[in-house]
Structure formats: C-alpha cells, structure tokens
Amino acid sequence: MATAVDTENPLVEGLERLPVHPTALVIFGGTGDLAHRKLLPALYNLAHEGALPERFELIGVARRDQPDEDFQGMARQSIQRFSRTKPDPDVLEGLINDTRYVPGAFDDDNVYAQLIRTLDEFDERAGEQLDRVFYLSTAPQFFPVIAGKLGAAGLNRCETAHTRIVIEKPFGYDLESARRLNAEVLSVFDESQVFRIDHYLGKETVQNLMALRFANALFEPVWNRNFIDNVQITAAEDIGIGGRAGYYEGAGALRDLVQNHMMQLLALLTMEPPTAFEANRLRDEKLKVLEAIVPPAIADVPSMALRAQYGPGVVGGHRVPGYHEEEGVAPDSRTETYAALRLHVSNWRWSGVPFYLRTGKNLARKVTEIAVTLKPVPHLAFQSQGSVGVQANQIILTVQPDEGVTVSLGAKIPGPRVRIRPVNMEFRYGTSFLSESPEAYERLILDAMRGDATLFTRNDEIEALWGIIDPILTAWHEDTTSLIPEYESGSAGPAEADQLLDGDRKWRRL
Ligand code: NAP
C-alpha cells in the first residue's frame with residue numbers, strides 16, 4: 001500500500017528522522033474489543049497522516065473461522081465507527097483491501113504455519129523481507145503461549161529485517177508472575193525486540209510532563225524537597241465497573257491503575273533529567289527513581305495504603321448500585337474499587353516529600369491529574385492587611401479531561417488594601433494547539449514499528465513497578481477479616497483516606 005508523506009504533520013516530522021521500514025503487522029486478537037475500538041482506528045489515522053511505511057501489510061489472527069473478506073468488513077466498520085477523523089474512502093480501502101485473516105486457536109501450530117505462508121507471500125511480492133511486528137492484543141494468559149509458538153515456528157527472527165513483539169497490559173499479575181512472563185518472553189525474544197504497552201505513555205499530556213520539566217528553566221530549580229511540600233496524583237473515574245466484573249474482580253484498583261499508569265506518572269515526575277530522549281537513557285532514569293521507592297514491609301501497609309469499595313449513591317444524576325450489587329461480583333468480594341497510598345522516594349532530591357496517590361471508581365468526577373504543592377512562603381508580610389486567601393503555590397498537570405497545566409499564584413485583590421487571593425495561570429492543550437492530539441495508540445504503534453522503545457516499559461522497570469505494589473497486594477490478600485471501608489458512589493471517596501495525609505494536608509477537591 002502506498003502512502004503519501006505529509007511533511008507538515010508532527011507525526012511525520014518524527015518519521016523523517018527515523019523512517020519506518022516496510023512492515024507487516026500481525027494483530028493477535030484482531031477481532032477483539034481493543035482492536036475494534038483502538039488499534040484499527042489508530043492504523044487508519046496513521047495511514048491518513050501518511051505516517052505508515054510505503055509498504056504496509058496487516059494480518060488479523062483470532063479464533064473464529066471467517067474468510068479475509070469478513071475480517072476486512074469488520075475492520076472497515078470499526079474504523080468508520082471509532083476513528084477520530086472521518087474516514088476518507090480511498091485511504092480506508094488502501095489500508096483494508098488486502099488485509100488478511102488467519103483463523104485458529106493461539107496454541108494451534110497450523111496458525112503459525114499459515115502465518116509463515118502469508119508473511120512469505122508479502123515478502124515475495126515486496127521483493128524484500130518486511131519488518132514483522134506481532135501485536136498481542138489478547139487475554140494475558142495467551143502472552144507466553146503466543147511468544148512460545150512464534151519462537152517454535154522460527155518467527156522470532158528474520159534474516160534481513162526486524163521482528164518485534166508488542167505486549168498489551170497487564171504484564172503480570174504480581175511480581176512473581178511478571179518475572180515468569182519476562183523469563184518466558186525473553187527466552188524467545190531479545191529485550192530489544194519486546195515492546196510492553198502502557199498506553200498512558202503514548203498520551204500527549206503524559207509526554208508533556210517531560211516537556212514541562214525539561215524544556216523550561218522555570219520548574220527544575222524548585223523540583224525538589226527544598227521547595228515542594230507534597231505531590232498528589234489522582235486518577236478518579238465517574239463510572240463503576242459496568243459489565244466488567246469478570247476482569248475487575250480479579251484485578252482491583254491497585255492492579256488496574258496504580259501499578260502501571262499512576263506509577264509511570266510518578267516516575268516521569270520524579271526521575272532525574274535523562275541525557276537524551278532515547279529509550280534506554282530515559283528508562284534507566286525511571287528505573288533509578290522506582291528503585292528509590294522502598295517497598296513497604298507487610299506490617300506497615302495499613303499505615304500507608306487504604307482500600308475501599310463503592311456503595312450505592314448518585315453519579316451524574318443517576319442512582320447507581322454499590323459494588324456488591326453489581327452483576328458478577330461475589331457477595332463477599334474484597335476487591336478494592338478505591339486505593340490510596342502514601343509513598344516516599346528515598347533519594348537526595350525527594351527525601352521527606354510525601355507522594356499521595358488515589359484512584360477510584362464511581363467518584364464525584366472523572367479526572368487524572370498531578371498536583372504539585374510548593375512549600376508556603378517563609379514570611380508573610382501582608383498579615384496585618386488581612387491575607388486569609390494566601391495559599392501555597394500549586395502546579396496542576398491535568399492528564400484528562402481538559403488536558404493542560406495550571407499554576408496557582410497569590411495575587412492582590414484590587415482595592416486600597418493589600419489583600420491576597422489565589423488566581424490561576426492556565427495552559428490548555430485544546431486552545432493552545434489548534435490541532436487535535438493523536439490517540440496514544442497511534443504514537444505507540446508507530447514507535448513499535450520504528451523500533452523506538454522510549455515509551456514502552458522495560459523488563460527491569462516492570463519488575464520494579466510490581467516490587468513496590470506486591471507487598472500491598474500481599475497484605476490485602478492476607479487480611480481476610482478487617483472491615484473494608486465503603487464510600488458513597490458520587491462522593492470524593494472514603495473519609496478514612498484522610499488518615500494517610502500528614503499534618504493538616506487535605507486531598508484536593510474532586
Ligand atoms: P477481547 O475483546 O476479549 O478479545 C480477545 C481476542 O482474542 C478476540 O479476537 C478473540 O477471538 C481472541 N481469542 C480469545 N481466545 C482465543 C483463542 N484461544 N485462540 C485464538 N483467539 C482467541 O479482549 P480485548 O478487550 O480486546 O483485550 C485484549 C488485550 O488488551 C487484553 O490483554 C486487555 O487487557 C488489553 N487491553 C484492552 C483494553 C480495551 O479497551 N479493550 C484496554 C487496555 C488494554 P474471537 O473474537 O474470534 O473469539
């Protein structure tokens with residue numbers, strides 16, 4: 001498939017620096033929900049931007065038996081329904097009309113034999129070996145199965161092109177399973193071939209966190225224990241588990257959001273400046289800071305972590321059931337729908353600064369943000385004039401929705417007296433850049449095809465992430481008797497979470 005290169009487009013600017021070799025992308029789980037809603041629409045938008053390589057071939061693999069044409073029809077519909085831009089019929093057909101489908105169970109050798117035939121046919125037609133990207137968009141129990149079968153079929157290497165494997169989340173269920181999965185995958189592929197997805201890292205606003213820190217002289221001088229009082233990271237959702245009890249009962253808030261997305265935000269916020277925005281330099285810095293977060297002893301977990309479950313309540317004007325009344329949830333379930341933690345980064349820069357993390361379902365509003373609160377000024381000269389409104393400066397990075405950065409300042413209220421109140425200085429993505437941000441998956445698929453692992457999680461990093469969370473999971477698993485607090489749906493979460501905050505600090509209002 002031929003695609004034009006649009007040099008005006010920011011995605012394409014990157015492409016010019018690192019051209020994408022002709023590629024065959026194989027999506028295992030090509031008929032699944034993620035492929036349907038995210039991956040296929042992302043591929044369409046890359047094609048639309050002219051960011052796909054000149055020769056690009058797509059293969060879907062899944063269980064149901066169907067011809068290529070049915071898969072093509074499904075892909076067309078997914079793109080028409082979920083693409084962020086209205087599909088151009090020519091671009092859409094260019095992407096879809098030669099797409100192939102390989103039916104069969106992931107543990108069936110015939111699947112891999114047919115894959116080899118199809119990939120060889122593409123290579124012959126191209127007159128060269130295409131790079132191969134295997135995207136594992138399947139339930140996690142199939143990750144080692146597929147990696148093993150790819151290795152057994154000799155699909156883990158190419159003679160004259162690159163082979164890469166992209167692995168969806170969750171990567172592991174706890175530290176031990178993550179180690180096992182790493183060992184299984186790395187017995188077949190080299191680490192340089194493995195791309196572990198945390199789609200948060202593909203979000204523009206998450207990358208902007210690095211731009212904010214490292215492209216501005218303004219913030220870095222205060223980015224340490226001398227000036228920062230505390231940091232709060234919030235990932236609040238205003239929906240319950242919906243029909244996903246099957247998944248959620250086995251996961252819970254800590255695994256679902258904290259271990260991956262929120263800890264990634266924490267790492268990017270606290271790491272030392274990398275010497276280059278290059279995969280291993282960046283990931284080395286993230287690893288160092290993650291290793292500086294000392295995992296809690298099991299006995300200390302109750303004083304630094306809190307779990308809770310939503311009860312009934314009103315969200316967005318609708319009455320909603322409590323977690324235990326949701327379909328598919330065990331009546332005695334102890335799975336947390338809310339988790340809050342207090343962590344410390346034990347290094348020179350951050351010693352003594354508490355990092356508070358909280359996430360929950362069915363909360364008052366949907367927001368993902370990082371709030372960095374600076375220390376108060378050392379002396380307030382305006383006391384006698386009445387300065388009740390003076391607050392410590394805050395830098396708020398909003399990841400979603402309404403992405404942007406807010407800096408709160410103290411300003412004088414107009415009038416004869418010197419009275420201070422907080423005002424906000426705001427940067428909003430939506431109004432500052434008139435173009436629409438690409439979806440995280442667009443960036444990540446393109447990076448995987450280019451072999452750029454900067455925004456993917458390395459093996460040691462994933463184990464460091466689980467290492468911090470594992471004792472909390474163990475402590476909660478072992479504690480089968482103590483009461484799990486319930487919070488009203490539509491509220492800001494359980495009152496008990498206040499106990500994690502030191503001194504007179506408060507959670508930011510939701
Ligand atoms: P899904 O809707 O359940 O899709 C599963 C896919 O695997 C389908 O294509 C299914 O084929 C295929 N499949 C299942 N068992 C198979 C077998 N034994 N042999 C061959 N094919 C088999 O799952 P999903 O929601 O797309 O999630 C995929 C992965 O992405 C998971 O790891 C998930 O955690 C991750 N993820 C998903 C989302 C999301 O929004 N959905 C977001 C983030 C991460 P048939 O349709 O033919 O049965």
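The figures here come from the full heavy-atom set of this structure, side chains too, leaving out hydrogens, waters and symmetry mates. All ligand and atom numbering here is 1-based and tracks the order in the structure. Computed from a prediction, not measured in an experiment: that's the story for all the values here. We number each residue from 1, following the sequence as shown.
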Ligand 1 and [X], any nitrogen or oxygen pair closer than 3.5 angstrom?
X: P140; result: no
X: D33; result: yes
X: P170; result: no
X: A139; result: no
X: Y441; result: no

For [atom], the protein heavy atom that lies nearest, with its residue and separation:
atom: atom 31 (C) of ligand 1; result: T138 O, 3.1 Å
atom: atom 48 (O) of ligand 1; result: R63 NH2, 2.8 Å
atom: atom 46 (O) of ligand 1; result: R64 NH2, 2.5 Å
atom: atom 27 (O) of ligand 1; result: L34 CB, 4.3 Å
atom: atom 45 (P) of ligand 1; result: T31 OG1, 3.4 Å
atom: atom 7 (O) of ligand 1; result: G29 CA, 3.7 Å
atom: atom 13 (N) of ligand 1; result: F106 CE1, 3.6 Å
atom: atom 18 (N) of ligand 1; result: F142 CZ, 3.4 Å

May I ask you to decide if the ring planes of Y310 and Y487 are parallel, tilted or perpendicular, using 30° and 60° as cut-offs? perpendicular
Whether Y441 and H199 hold their rings parallel, tilted or perpendicular, with breakpoints at 30° and 60°: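 Aromatic pair Y441/H199 classed parallel.
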Minimum heavy-atom distance P103-V111, with the two atoms named: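 So the minimum-distance heavy-atom pair works out to O-CG2, 3.7 Å.
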Using modelled atom types only, decide if a donor and an acceptor are shared between the side chain of [X] and the backbone of [Y] within a distance under 3.5 Å.
X: D470; Y: L175; answer: yes
X: W507; Y: A497; answer: yes
X: Q309; Y: S333; answer: yes

Which of the ligand 1 atoms, numbered from 1, are nearer than 4.0 Å to a heavy atom of S137: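 Once the distances to S137 are compared, the set is 28 (C), 29 (C).
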Numbered atoms of ligand 1 (with element) below 4.0 Å of G32, judged on heavy atoms: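 So the atoms of ligand 1 that pass are 2 (O), 4 (O), 8 (C), 9 (O), 26 (O).
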For ligand 1, which part of Y247 has a heavy atom less than 4.0 Å away: the side chain, the backbone, both, or neither?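 It is neither; nothing of Y247 touches ligand 1.
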Between F143 and ligand 1, which residue portion shows a heavy-atom distance shorter than 4.0 Å: side chain, backbone, both, or neither?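 Under 4.0 Å from ligand 1, F143 contributes side-chain atoms alone.
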When you compare the side chain of R157 with that of Q193, does any pair of heavy atoms fall below 4.5 Å? yes
Using a 6.0 Å cut-off, check whether atom NE2 of H162 has over 12 heavy atoms from anything other than its own residue. no
Taking the six-membered ring of F355 as reference, does the NZ or CZ atom of R342 fall below 6.0 Å from its centre and within a 45° cone about the axis? no
Would you verify whether the NZ or CZ of R196 falls within 45 degrees of the ring axis of F171 while also being under 6.0 Å from that six-membered ring's centre?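 Because its charged atom sits under 6.0 Å from the ring centre and within 45° of the axis, R196 does stack over F171.
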With a 4.0 Å cut-off, strictly under, does atom 3 (O) of ligand 1 pick up any protein heavy atom? no
Decide whether the shortest distance between a heavy atom of G104 and an atom of ligand 1 is less than 4.0 Å. yes
State which residue, out of K38, R84, R37, fulfils the salt bridge (Lys or Arg N to Asp or Glu O under 4.0 Å) condition with E439. K38
Residues K86 and Q80: side-chain donor-acceptor under 3.5 angstrom: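 Result is no, nothing qualifies.
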To which of K169, E168, R37 does the heavy atom nearest atom 34 (O) of ligand 1 belong? K169
